[in-house]
Each structure stands twice: as structure tokens, then as C-alpha cells.
Amino acid sequence: MSKRQSPITPTVDFNADGVQHGFLNLPISVDDSAWGAVMVPVTVVKNGEGPTALLTAGNHGDEYEGITALLKLAATLKAEDVTGRVIIVPCFNTPAVTAGKRTSGLDGGNLNRCFPGDPDGSATEQIADYFTREMVPMADVVLDLHSGGRTLDILPYAASHVLDNKEQQAAALASAKTFGAPYAMIMFELDATHLFDTVCEDQGKVFVTTELGGGGTSTPYTVDIAERGVRNFLIHHGLIEGEPALPAKPQVYLDMPDASCYVQSEHSGLLELLVALGDEVTKGQPIARIYDVTRTGSAPVDYHAGRDGILMARRAPALAHIGDTLAVIADVVEGLDA
């Protein structure tokens with residue numbers, strides 16, 4: 001059965017030239033607002049014919065580098081500086097952003113696990129559906145800015161994925177490199193089925209994602225990477241003029257070939273990381289310990305690296321629970337090829 005039309009309506013005209021600031025309006029009815037709406041902020045900057053870039057952040061509401069960079073861009077980008085169309089959505093999952101949480105403060109939905117969405121589902125599923133059927137088809141290229149949020153701290157990188165379409169994969173990889181983060185990666189997802197990434201890639205779009213720090217905050221360093229990367233992305237795809245600004249140090253290339261990159265906890269307790277972000281590790285090396293906080297005198301449980309590489313992500317909170325990812329290890333490679 002075909003899905004009904006999305007209940008979301010935009011307050012902007014995506015086809016009009018100039019700069020427009022508005023909302024994607026999703027009707028809701030909740031205890032404190034019987035005839036209310038989720039208002040997802042959106043900016044459209046259009047100038048004549050050309051490619052369309054869809055820029056998103058706040059897919060998870062506690063990942064602040066991308067949100068900050070896109071709010072700043074939406075307030076400053078001028079139509080005369082653009083060739084084509086730039087659609088900016090700084091607070092993709094607005095109820096999560098306003099709650100300061102990874103997931104929606106309205107329905108608990110994790111937007112990046114809800115695609116392709118459902119117009120008859122929860123508010124989060126309805127947002128996913130609108131982007132799947134309305135927003136992504138408008139775009140030629142998509143940049144979705146992430147960082148580690150409150151529970152992870154991650155080396156700043158831009159990433160693409162292994163795709164069946166090698167021409168599409170090569171275009172995404174070139175775009176990820178030109179984003180200009182200190183690291184660039186071909187990323188392995190534990191389960192990509194319901195990701196925004198997969199919806200975009202399945203529609204043939206050039207898609208780039210990032211991880212730009214974490215810990216539930218941002219720093220001048222990580223926000224600068226995000227701002228510079230967004231500008232590089234737009235330059236690379238011909239939407240604004242200029243030359244990409246690449247890192248002062250040579251970019252480091254990373255590869256995540258399989259699930260052995262992830263170290264996940266089988267215990268709950270106090271986490272001690274034995275290596276720092278960016279440190280080299282060898283297969284079998286102890287990299288983390290979990291201490292039982294319910295009793296004294298118990299030996300900690302050691303967790304070991306499943307492969308050689310560098311520690312590219314770690315759990316940020318010291319309290320860990322069974323099932324949490326404690327660390328992620330990536331291979332350092334000389335180059336990345338599609």
C-alpha cells in the first residue's frame with residue numbers, strides 16, 4: 001500500500017530565489033499543547049540553477065559541533081554567494097535538541113534509527129518519512145554532521161561507506177576527504193538498515209557523515225573543524241566559490257573493515273581507559289578495565305583490542321553498562337580508494 005502524504009508542511013518555498021528562514025511544521029497533540037506542532041527550523045538559500053546541497057545536524061540532539069556550525073551558516077550565508085540551492089537544517093531532530101538528549105524528548109525516538117520513517121507513526125518517524133520522501137529527493141549531495149554526544153568522544157573525521165555503486169562511492173569518498181577534518185574514514189556501521197545515511201545512498205545521493213568530537217559539548221577546535229568542513233563541502237560541489245582549506249597537518253586515513261573494530265562491554269561498572277584517543281594499539285592489548293562498584297576486593301575485568309590500529313573513539317562517561325561500546329579501533333592506512 002502507498003503511504004499517505006506527509007502531515008508535515010514547510011513554511012518556505014524551496015524553489016524561490018533568495019534567503020528564507022522558516023520551519024517544517026508537524027502537527028502534534030500533547031498534554032501541554034492540544035493543537036500544537038513540532039517546528040523544525042529550516043533555511044533555504046537559492047540563487048538560480050545549480051546543484052542542491054542538503055546540510056543537516058542535530059540528528060542526535062546532544063551533538064553540538066554540527067548544530068553550532070549550521071546555525072551560524074544559516075545566519076550568514078547570502079544568496080549572491082551561492083550557485084544553486086543550499087538547504088540548512090541545524091536541528092534535524094528538534095525535540096531531541098531542545099531536550100539536550102540523543103533521542104527525542106517528545107517520543108523517545110532515535111531519528112537515525114527510524115528511516116525510512118512512517119507518516120502514520122510517531123513524531124520521530126514522521127520526520128524521517130518527510131526527509132525520505134520530500135527532502136532527500138531534492139538534493140544532489142547530503143552532509144549529515146554528527147559527533148559523539150554525551151556518551152562518546154571521537155577523533156574528528158569525515159566518512160563515507162562502501163557502496164555497490166563504485167562511482168557513487170568514489171564521489172562520496174572524495175567529498176569526505178575534502179571536508180578537511182584531521183581524519184578521513186571508510187566507515188563500517190554495526191547496523192545501517194534504518195540510518196539516514198542508507199536512505200540517502202539508496203537514492204543515489206553523494207552522502208558524507210562526520211564525527212567531530214563529543215562528550216556532550218563542543219570546543220573552539222571542533223566547531224572550527226565543522227565550520228571549515230561545511231564550507232569545503234560546498235566549495236567541492238560547486239555551490240560557493242573558493243579553495244578548500246585543508247588541515248595544517250597531513251590528513252590521516254582510517255578504515256573500519258568489520259565489527260572487530262568495536263569493543264563492547266559484557267559487564268557493568270566503572271570504566272578505566274588504558275589508552276588515549278589517537279594512541280596506537282595492537283591486537284590483544286588490554287585497552288580498558290571495568291571495576292565492580294558494588295563491592296571491594298574484586299579484580300577488574302580487562303578488555304582487549306580485537307585488531308591493530310588506533311583508538312578512534314571511546315566511551316565518555318566513566319560509568320559503563322553491559323552492552324555499551326567502550327572503544328572503537330580503526331586501521332591507519334596509506335590511502336583510501338573506492
Side-chain angles (χ1 to χ4, degrees), residues 6 8-26 37-61 63-98 111-112 123-124 126-147 175 179 196 199-200 205-210 212 218 223-242:
S6 172
I8 293 176
T9 56
T11 67
V12 296
D13 180 352
F14 289 107
N15 296 313
D17 279 357
V19 178
Q20 301 172 76
H21 305 291
F23 300 94
L24 307 176
N25 182 313
L26 169 61
V38 174
M39 306 286 279
V40 179
V42 61
T43 291
V44 184
V45 183
K46 187 175 182 298
N47 184 21
E49 299 301 316
T52 293
L54 174 59
L55 311 177
T56 57
N59 192 325
H60 296 125
E63 300 177 0
Y64 295 111
E65 289 83 358
I67 297 171
T68 304
L70 292 193
L71 286 172
K72 294 170 75 172
L73 180 69
T76 57
L77 188 62
K78 299 176 181 178
E80 57 263 34
D81 296 331
V82 170
T83 300
R85 179 172 56 178
V86 180
I87 303 172
I88 306 168
V89 185
C91 303
F92 198 169
N93 190 352
T94 297
V97 175
T98 56
L111 179 59
N112 213 30
T124 304
Q126 291 179 65
I127 294 170
D129 168 73
Y130 184 79
F131 274 78
T132 297
R133 293 196 288 156
E134 302 293 338
M135 299 293 284
V136 174
M138 295 184 202
D140 299 293
V141 296
V142 182
L143 174 63
D144 189 33
L145 297 163
H146 288 260
S147 53
S175 188
F179 182 89
F196 182 53
V199 159
C200 295
K205 311 304 179 180
V206 174
F207 178 86
V208 173
T209 190
T210 70
L212 300 175
S218 64
V223 171
D224 181 67
I225 292 170
E227 289 190 85
R228 186 179 69 239
V230 170
R231 177 175 172 79
N232 286 349
F233 184 86
L234 295 176
I235 291 171
H236 180 73
H237 291 289
L239 285 123
I240 62 174
E241 294 184 353

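Of the inter-residue distances, the one linking S175 atom OG with L143 atom CG reads 7.5 Å to the nearest 0.5 angstrom. The structure places CD of Q20 at 10.5 Å from CD1 of I87, a figure rounded to the nearest 0.5 Å. The CZ atom of R85 lies 9.5 Å from the CD atom of E49; values are rounded to the nearest 0.5 Å. Distance check: F92 CZ to E63 CD gives 12.0 Å after rounding to the nearest 0.5 Å. Note: I225 CD1 to N232 CG = 11.5 Å, rounded to the nearest 0.5 Å. In this structure, CD on E227 lies 8.5 Å from CG on L73, to the nearest 0.5 angstrom.
Annotation for L26 and A123: closest pair CD2-O, 3.7 Å, computed over non-hydrogen atoms. Residues G48 and D17 come closest through the heavy atom pair N-OD1, 3.3 Å. Taking each heavy atom of A53 and L234 in turn, the nearest pair found is CB-CD2, 3.9 Å. The shortest non-hydrogen separation linking S6 to Y130 is OG-CD1, 3.4 Å. Nearest heavy atoms, L212 versus A226: CD1-CB, 3.7 Å. When all heavy atoms of D129 and R133 are compared, the pair lying nearest together is OD1-NE, 2.7 Å.
A side chain to side chain donor-acceptor pair (under 3.5 Å) with D144 is found for exactly one of N112, T209, N59, namely N59. No option in L70, L55, T94, L54 other than L54 meets the side chain to side chain contact (heavy atoms under 4.5 Å, CB included) test with V89.
A distance-only check finds a donor-acceptor pair linking the side chain of N47 to the backbone of V82 [under 3.5 Å]. Side-chain atoms of T210 come within 3.5 Å of backbone N or O of H146 as a donor-acceptor pair. Looking only at distances, a side-chain donor or acceptor of K205 sits under 3.5 Å from a matching main-chain atom of A139. The closest donor-acceptor contact from the side chain of N93 to the backbone of G61 lies at 3.5 Å or more, if one exists at all.
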Apply side-chain contact (heavy atoms from CB on, under 4.5 Å) to the pair E134 and L24, showing each step before the final yes or no.
-> CA-CA 11 Å; E134 302 293 338; L24 307 176; over 6 Å; no
Report the C-alpha separation of F14 and T52 in whole Å, then their side-chain angles, then the decisive distance to 0.1 Å, and conclude whether the side-chain contact (heavy atoms from CB on, under 4.5 Å) test is met.
-> CA-CA 10 Å; F14 289 107; T52 293; over 6 Å; no
Where do Y64 and S147 land on the side-chain contact (heavy atoms from CB on, under 4.5 Å) test, with the steps shown first?
-> CA-CA 7 Å; Y64 295 111; S147 53; 5.9 Å; no
Dump the intermediate steps for side-chain contact (heavy atoms from CB on, under 4.5 Å) on V42 and V40, then the final yes or no.
-> CA-CA 6 Å; V42 61; V40 179; 5.9 Å; no
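No side-chain heavy atom of P51 sits under 4.5 Å from any side-chain heavy atom of V141. Residues V230 and L145 form a side-chain contact, since some pair of their non-hydrogen atoms from C-beta on lies under 4.5 Å apart.
By the 6.0 Å contact criterion, CD on E80 is enclosed, its count of non-hydrogen atoms from other residues, nucleotides or ligands being greater than 12.
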